[in-house]
Number of protein chains: 2
Amino acid sequence: MTVKIKDVARRAGVSVTSVSRVLNGEKYVSEDILNRVNQAIEELNYSPSYIARSLKKQKTNTIGVIVPDLTSNFYSTILSSIEETASKYGYNLIVCNIAENLSKELKYLHIFQEMRVEGIIIMHEKTNEEIVNFIRNATMPILFSSVQSPDADFISVLIDDYQAAYDATEYLIRSGHTAISYLGGDLEDVTSGQNRYNGFRDALSKHHITIPEEYVKFGDYKLPSGHRLMGELLALAQPPTVVFAASDDMAVGALNCVLDQGFRVPEDVSIMGFDGSTITDIVRPSITSMQQPIYEMGQVSLENLHRLIIRDKHRPQADIMLQHQLVERESCKTMHPSNSR
Amino acid sequence: MTVKIKDVARRAGVSVTSVSRVLNGEKYVSEDILNRVNQAIEELNYSPSYIARSLKKQKTNTIGVIVPDLTSNFYSTILSSIEETASKYGYNLIVCNIAENLSKELKYLHIFQEMRVEGIIIMHEKTNEEIVNFIRNATMPILFSSVQSPDADFISVLIDDYQAAYDATEYLIRSGHTAISYLGGDLEDVTSGQNRYNGFRDALSKHHITIPEEYVKFGDYKLPSGHRLMGELLALAQPPTVVFAASDDMAVGALNCVLDQGFRVPEDVSIMGFDGSTITDIVRPSITSMQQPIYEMGQVSLENLHRLIIRDKHRPQADIMLQHQLVERESCKTMHPSNSR
DNA sequence: ATGAAAGCGCTAACAT
DNA sequence: ATGTTAGCGCTTTCAT
């Protein structure tokens, strides 16, 4: 049916080996054969089979990626960065968007295994026993990106979420805020749930600040939950002076809620985000946020997965921590007496 | 090295054929063999090779997707929808983000070909001779999503961009605007460049409205270009009363420019977007936009690519037009005397 | 109902 | 420098 290496060989009047050699750019091919083969390839419009080659070489140059939510700017930016780096290293990407569906994740992990991908990047933290089990028994390297791995044996590329949340909270305190609210993610998530929340709590304790328990609420990282939760906060007799959200999307939800009710940010309420997605710079007022090095995260993830794959001597032995950085924009005001109106 | 079908057969004490039958859920296998094989698979933690199977069956269940910009909400939403539908049909997705890089696109088209993907979805319109040439000679179905194909022989799934822009412009005119500005995309792009611009122009002509040529400016669909172009508009002695942007991102850029200069939307300037990405509902004021059925577009694209692949008798013979719809939000005010302040 | 063996398209010894 | 051939791991006739 389709034209194969044998056809090219016949057309060029050489052996399949010679064609293979030309295909793989090996030496020991005369100029004459090189030309004849290339011409035959051209004439027959021959395209070598990646599949046959993969089978023979036991190598696929393929990496599987599991994304929690493709439509999220945070994840799609990491994915974009992974893709760009993968392309440079000659890897192709199989992408699975799991959309909160753990059984889909498990299914795709098995498909990745059957496809003999050379490595897997997972950007999802929620997990279950079957998945952990799969990961433990997997034959190929698996790397977690932007989240903590469920098992100390696996490498994660991420920031120190605890410290980042701690630093962000301290910034708020230093700005004179004491009525600080926290809009958290899911406490089942270690990275973005527990670590960030603990960082927040500990910064408060360190500075001997106590807040009413209604100031702490948990959502799902997405915009609508930030909007809803902010509504509850504004309905309080004593609303907080600042809201620290565990994701930028929740921060934007909170911002819109404040705006929609006719209040101003940061004059009436300050808002701090987390992640540093592009959205922080798009909305008005722009949102002060604890910035993750999103683009770098994708690149570093792929580079280290590659090291794991080739068993490089510099391959990572432990989690790789990237730097967080607070980026001040317009949504947080300082409460210091000297700076206040 | 890895455990293969032969090992399973030996362990279960049956032939490889029987193992293969169990693997593929064929009938004509006794309960006894079924159990023994399944047990052997379990014990050996056997994972069948997708590659060997693909080679033998000459079928990969894989689809290649070319995305112009993964970080764009518009494209990532379509991709997400394609992924979801693909998963239902049992296809795996190889994703390439070309980021304006035509040589990368060509390279990946060849890789897709070598990988023997069963179909390709392209969401990118800019093209060159080599790419068109590849597409013409391709052995697998290629479908264009959200953009016009460069060749009438190929199927596109998209809206009627001309009519949509025409309708949007007419809406503005009916709202009493006559000083209408257009922030276009790249005129090299048929779909989002030429068609939208022509729809705009023709609606104006139809209603005998002429605008100064400085009211028409072209950017690159992205936010910063909208911001920059809006700055030029505001510097005019007679700025327009409404700006129609060829993409939501440009509309947001324009919005921010107006806001950043201390003016109000829609009181001072109205803004109309195009695409209906989620961003239109996120910013404040929210943006009135010509909505594309983004999610549906991904689904319909994949379904029809599937029909093309299986040579279904209902497979599409011509472009598939989806409905556009103007969604009114907060960024456009009506200028009718009766409704004005 | 089960098995033996050919072959999918390629690469890599090995031989010359 | 070039060619012959075995075999990657599976499916699928074809026998039995």
Side-chain angles (χ1 to χ4, degrees), chain A residues 1-38 40-41 44-62 110-118 139-140, chain B residues 1-38 40-41 44-62 110-118 139-140:
Chain A
M1 179 123 115
T2 75
V3 23
K4 39 204 173 192
I5 200 170
K6 208 172 168 182
D7 304 318
V8 176
R10 194 176 303 137
R11 176 79 158 227
V14 300
S15 72
V16 291
T17 313
S18 290
V19 179
S20 175
R21 286 193 179 110
V22 171
L23 251 28
N24 294 284
E26 287 170 34
K27 44 192 179 180
Y28 301 134
V29 274
S30 65
E31 189 115 344
D32 176 42
I33 287 202
L34 182 75
N35 294 144
R36 273 152 64 202
V37 168
N38 278 329
I41 288 175
L44 298 173
N45 195 22
Y46 168 70
S47 169
S49 163
Y50 214 101
I51 302 166
R53 172 184 286 157
S54 293
L55 179 61
K56 177 65 200 182
K57 294 186 109 159
Q58 299 290 75
K59 189 154 179 17
T60 58
N61 293 315
T62 298
H110 279 113
I111 290 178
F112 287 168
Q113 165 84 47
E114 296 185 356
M115 293 181 103
R116 305 294 190 253
V117 301
E118 299 187 16
T139 55
M140 76 288 279
Chain B
M1 181 123 110
T2 76
V3 24
K4 37 203 172 191
I5 200 169
K6 207 172 169 182
D7 304 316
V8 176
R10 194 177 303 137
R11 177 79 160 225
V14 299
S15 72
V16 292
T17 314
S18 290
V19 178
S20 174
R21 286 193 178 109
V22 171
L23 252 29
N24 294 285
E26 288 171 33
K27 43 190 178 183
Y28 301 134
V29 273
S30 66
E31 188 113 344
D32 176 42
I33 286 201
L34 183 74
N35 294 143
R36 274 152 62 201
V37 168
N38 277 330
I41 288 175
L44 298 173
N45 194 22
Y46 169 70
S47 168
S49 163
Y50 214 100
I51 301 165
R53 172 183 286 159
S54 292
L55 180 60
K56 180 64 203 186
K57 294 185 112 161
Q58 299 289 76
K59 189 157 177 14
T60 58
N61 294 315
T62 298
H110 279 111
I111 291 179
F112 288 168
Q113 165 85 45
E114 296 184 358
M115 295 182 102
R116 305 295 191 252
V117 302
E118 300 188 16
T139 55
M140 77 287 279

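Below, chains carry the letters A, B, ... as their sequence lines are ordered, and counting in each starts from 1. Treat the numbers as computed from the prediction; the structure is a model and nothing was measured. What's counted below: heavy atoms across the whole structure, side chains too, no hydrogens, waters or symmetry copies.
For A/Arg21, taking side-chain heavy atoms from C-beta onward, the closest of the listed nucleotides C/dG9, C/dT11, D/dG3 is D/dG3. Of the candidate nucleotides C/dG9, D/dC10, C/dT11, C/dG9 has the atom nearest to the side chain of A/Thr2. Checking C/dA4, D/dG3, C/dG9 against the side-chain heavy atoms of B/Ser15 singles out C/dA4 as nearest. Out of D/dC10, D/dT5, C/dT2, the shortest distance to the side chain of A/Val16 is found at D/dT5.
When each of B/Gly13 and B/Ala52 is assigned the nucleotide of DNA chain C bearing its nearest heavy atom, the one mapping closer to the 5' terminus is B/Gly13. Comparing B/Lys6 and A/Ser18 against DNA chain D, the residue whose closest nucleotide sits nearer the 5' end is A/Ser18.
Straight-line distance from the CZ atom of B/Arg10 to the P atom of C/dG3: 14 Å, rounded to whole Å. Across the protein-nucleic acid pair, B/Glu31 atom CD and C/dT2 atom C1' stand 16 Å apart, rounded to whole Å. Rounded to an integer number of Å, the gap from B/Ile51 CD1 to D/dG9 P is 10 Å. Between the NZ atom of B/Lys57 and the P atom of C/dA6 there is a distance of 22 Å, given to the nearest Å. As a whole-Å value, the separation of A/Leu23 CG from C/dC10 P is 8 Å. Computed from coordinates, the A/Glu26 CD to D/dA1 C1' distance equals 12 Å when rounded to whole Å. Here the P atom of nucleotide C/dC8 and the CD1 atom of A/Ile5 are 14 Å apart, to the nearest Å. Rounded to whole Å, atom P of D/dA1 lies 15 Å from atom CZ of A/Arg36.
Among the heavy atoms of the strands lying under 4.0 Å from A/Tyr46 are primed sugar atoms or P, OP1, OP2 only; no base atom is included. Backbone-only contact: B/Ser30 has heavy atoms under 4.0 Å from sugar-phosphate atoms and none from a base. Looking at heavy-atom distances under 4.0 Å, A/Ile33 makes contact with sugar-phosphate atoms alone, never a base. B/Thr17 comes within 4.0 angstrom of a base, heavy atoms only.
Here CD of B/Gln113 is found 12.5 Å from CE of B/Met115. Values are rounded to the nearest 0.5 Å. In this structure, CD on B/Glu31 lies 11.5 Å from CD1 on B/Ile33, to the nearest 0.5 angstrom.
For A/Gln58, no side-chain nitrogen or oxygen approaches OP1 or OP2 of D/dG7 to under 4.0 Å. A close approach under 4.0 Å does not occur between any side-chain nitrogen or oxygen of B/Lys56 and OP1 or OP2 of D/dC10.
Salt bridge absent: A/Asp7 and A/Arg11 never bring a charged side-chain N and a carboxylate O closer than 4.0 Å.
Closest approach of A/Val29 and A/Glu26 over heavy atoms only: CG2-O, 3.4 Å.
Of the possible donor and acceptor atoms, none in the side chain of A/Glu114 sits under 3.5 Å from a partner among the backbone N and O of B/Ser47.
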